[in-house]
Amino acid sequence: QVQLVESGGGLVQAGGSLRLSCAASGRAFGNYGMGWFRWAPGKEREFVAAISFSATSTRYADSVKGRFTITRDNDKDMVYLQMSSLKPEDTAIYYCAADWWGSTSNRESDYDYWGQGTQVTVSS
C-alpha cells in the first residue's frame, strides 16, 4: 500500500510557475513508477508526466513538453512537478499516482494508487 498526498497547487498568472509536490508513505516507494495526471471540468483526466522508479526515464504529454519537469527523491519519498510558462489551459486538478511496475506509463489503468489531487488555477 502506498498513500499519496499532493501539495503546492494554487492560483498563478499566465506565464508563471508552480512546483507541485507529492509525498508518499508506505512500502517500497523507490520501486514505483510515478506519474502526474490532471482533470479539468468537462474533460477526461489526462496524462501529464511520469518518471521511472530509478528516475532514469521520464515521459511527458506533448502539451507540457519543455514547460514541465518531473523529478523524484527516493530518499525522501517525494515526487515533484515543476511547472513553468503556465497557460490558462493548464488549469486543472493535478493528481499524483504510483505504478507498481515502475515504468513511465501514460495510461491511467497502469497506476495502482492515487492521491486526492491539488487544484492549479492559471489566470489570463
Side-chain angles (χ1 to χ4, degrees):
Q1 285 275 354
V2 174
Q3 292 78 44
L4 303 171
V5 178
E6 303 93 337
S7 61
L11 174 63
V12 64
Q13 288 189 332
S17 298
L18 278 176
R19 188 177 83 152
L20 303 184
S21 299
C22 175
S25 60
R27 299 177 62 182
F29 169 77
N31 293 340
Y32 287 82
M34 298 299 296
W36 287 95
F37 290 76
R38 65 187 182 187
W39 175 80
K43 299 183 180 179
E44 294 190 355
R45 189 158 57 182
E46 65 175 359
F47 169 77
V48 175
I51 188 166
S52 64
F53 71 99
S54 61
T56 55
S57 179
T58 57
R59 180 190 294 221
Y60 295 93
D62 288 343
S63 59
V64 307
K65 275 181 185 176
R67 301 188 299 122
F68 291 10
T69 302
I70 187 171
T71 57
R72 67 188 297 162
D73 185 337
N74 286 348
D75 290 335
K76 296 181 178 179
D77 291 354
M78 296 289 295
V79 63
Y80 306 98
L81 185 68
Q82 179 67 48
M83 306 185 296
S84 303
S85 301
L86 283 162
K87 306 174 181 179
E89 51 264 44
D90 295 318
T91 295
I93 300 173
Y94 283 71
Y95 297 91
C96 174
D99 166 23
W100 166 254
W101 294 105
S103 70
T104 56
S105 174
N106 59 359
R107 298 182 301 185
E108 284 190 53
S109 59
D110 286 339
Y111 288 83
D112 305 286
Y113 302 102
W114 293 81
Q116 294 300 306
T118 186
Q119 176 72 48
V120 172
T121 303
V122 184
S123 63
S124 57

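Not measured: the values here are computed from a predicted model.
In terms of hydrophobic clustering, with Ile, Leu, Val, Met, Phe, Trp and Tyr side chains grouped at heavy-atom distances under 4.5 Å, Met83 and Leu11 are assigned to different clusters. When hydrophobic clusters are built by joining Ile, Leu, Val, Met, Phe, Trp and Tyr residues whose side-chain heavy atoms come closer than 4.5 Å, directly or via intermediates, Trp101 is grouped together with Met34. Under a hydrophobic-cluster definition in which Ile, Leu, Val, Met, Phe, Trp and Tyr are linked whenever side-chain heavy atoms come within less than 4.5 Å, directly or via other members, Trp36 and Tyr80 are assigned to different clusters. Residue Phe53 is not grouped with residue Leu4 when hydrophobic side chains (ILVMFWY) are merged at heavy-atom distances under 4.5 angstrom, including chains of intermediate members. Hydrophobic cluster membership differs between Met78 and Tyr94, with clusters built from Ile, Leu, Val, Met, Phe, Trp and Tyr side chains linked at under 4.5 angstrom.
Using a distance-only test at 3.5 Å, with no hydrogens or angles considered, no donor-acceptor pair links the side chain of Asn106 to the main chain of Tyr60. Listed for the Thr91 side chain is no donor-acceptor partner under 3.5 Å among the backbone atoms of Thr121. Side chain of Arg45 to backbone of Trp39: no donor-acceptor contact under 3.5 angstrom is found. The backbone N or O of Thr118 lies less than 3.5 Å from no partner atom in the side chain of Glu6, so there is not a single donor-acceptor pair. Checking side-chain atoms of Asp112 against main-chain N and O of Asp99 turns up no donor-acceptor pair under 3.5 Å.
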Quiz prompt | Residues Ile51, Val79; criterion side-chain contact (heavy atoms from CB on, under 4.5 Å); working and verdict | solution = CA-CA 9 Å; Ile51 188 166; Val79 63; 4.2 Å; yes
Quiz item: What's the verdict on salt bridge (Lys or Arg N to Asp or Glu O under 4.0 Å) for Arg72 and Asp77, showing C-alpha distance, side-chain angles and the deciding distance?
Solution: CA-CA 8 Å; Arg72 67 188 297 162; Asp77 291 354; over 6 Å; no
Quiz item: Does the side-chain contact (heavy atoms from CB on, under 4.5 Å) test come out yes or no for Ile93 and Arg38, once each step is laid out?
Solution: CA-CA 5 Å; Ile93 300 173; Arg38 65 187 182 187; over 6 Å; no
Quiz item: Could you go step by step and tell me if Asp90 and Lys87 meet the salt bridge (Lys or Arg N to Asp or Glu O under 4.0 Å) rule?
Solution: CA-CA 5 Å; Asp90 295 318; Lys87 306 174 181 179; over 6 Å; no
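Remark: Phe37 pairs with Phe47, Tyr111, Trp114 by the ring pair (Phe, Tyr, Trp, His ring centres under 6.0 Å) rule, at least two apart or across chains. For Asp75, there are no side-chain hydrogen bond (donor to acceptor under 3.5 Å, both in side chains) partners at least two apart in sequence or on another chain.
Taking 4.5 Å as the limit, every side-chain heavy atom of Thr69 sits out of range of all side-chain heavy atoms of Leu81. Between Thr104 and Thr58 the shortest side-chain heavy-atom distance does not fall below 4.5 Å.
For the 3.5 Å distance criterion, the side chains of Ser103 and Ser105 fail to qualify, holding no donor opposite an acceptor. Between the side chains of Gln13 and Ser123, not a single donor N or O lies within less than 3.5 Å of an accepting N or O.
Of all heavy-atom pairs between Ser124 and Ala14, the closest is CA-CB, 4.3 Å. Scanning both residues, Gly8 and Leu18, for their nearest heavy atoms gives O-CD2, 3.8 Å.
Only one option out of Tyr113, Tyr32, Phe29 pairs with Trp100 in a ring-ring contact (aromatic ring centres under 6.0 Å, His included); it is Tyr32.
Distance check, rounded to the nearest 0.5 Å: OH of Tyr95 to SG of Cys22 gives 13.0 Å. Atom CD of residue Gln3 and atom CD of residue Gln116 lie 11.5 Å apart, to the nearest 0.5 angstrom. Within the model, atoms OG of Ser85 and CZ of Arg67 stand 7.0 Å from one another, a figure rounded to the nearest 0.5 Å. Atom CD of Glu46 and atom CD of Glu44 lie 10.0 Å apart (nearest 0.5 Å).
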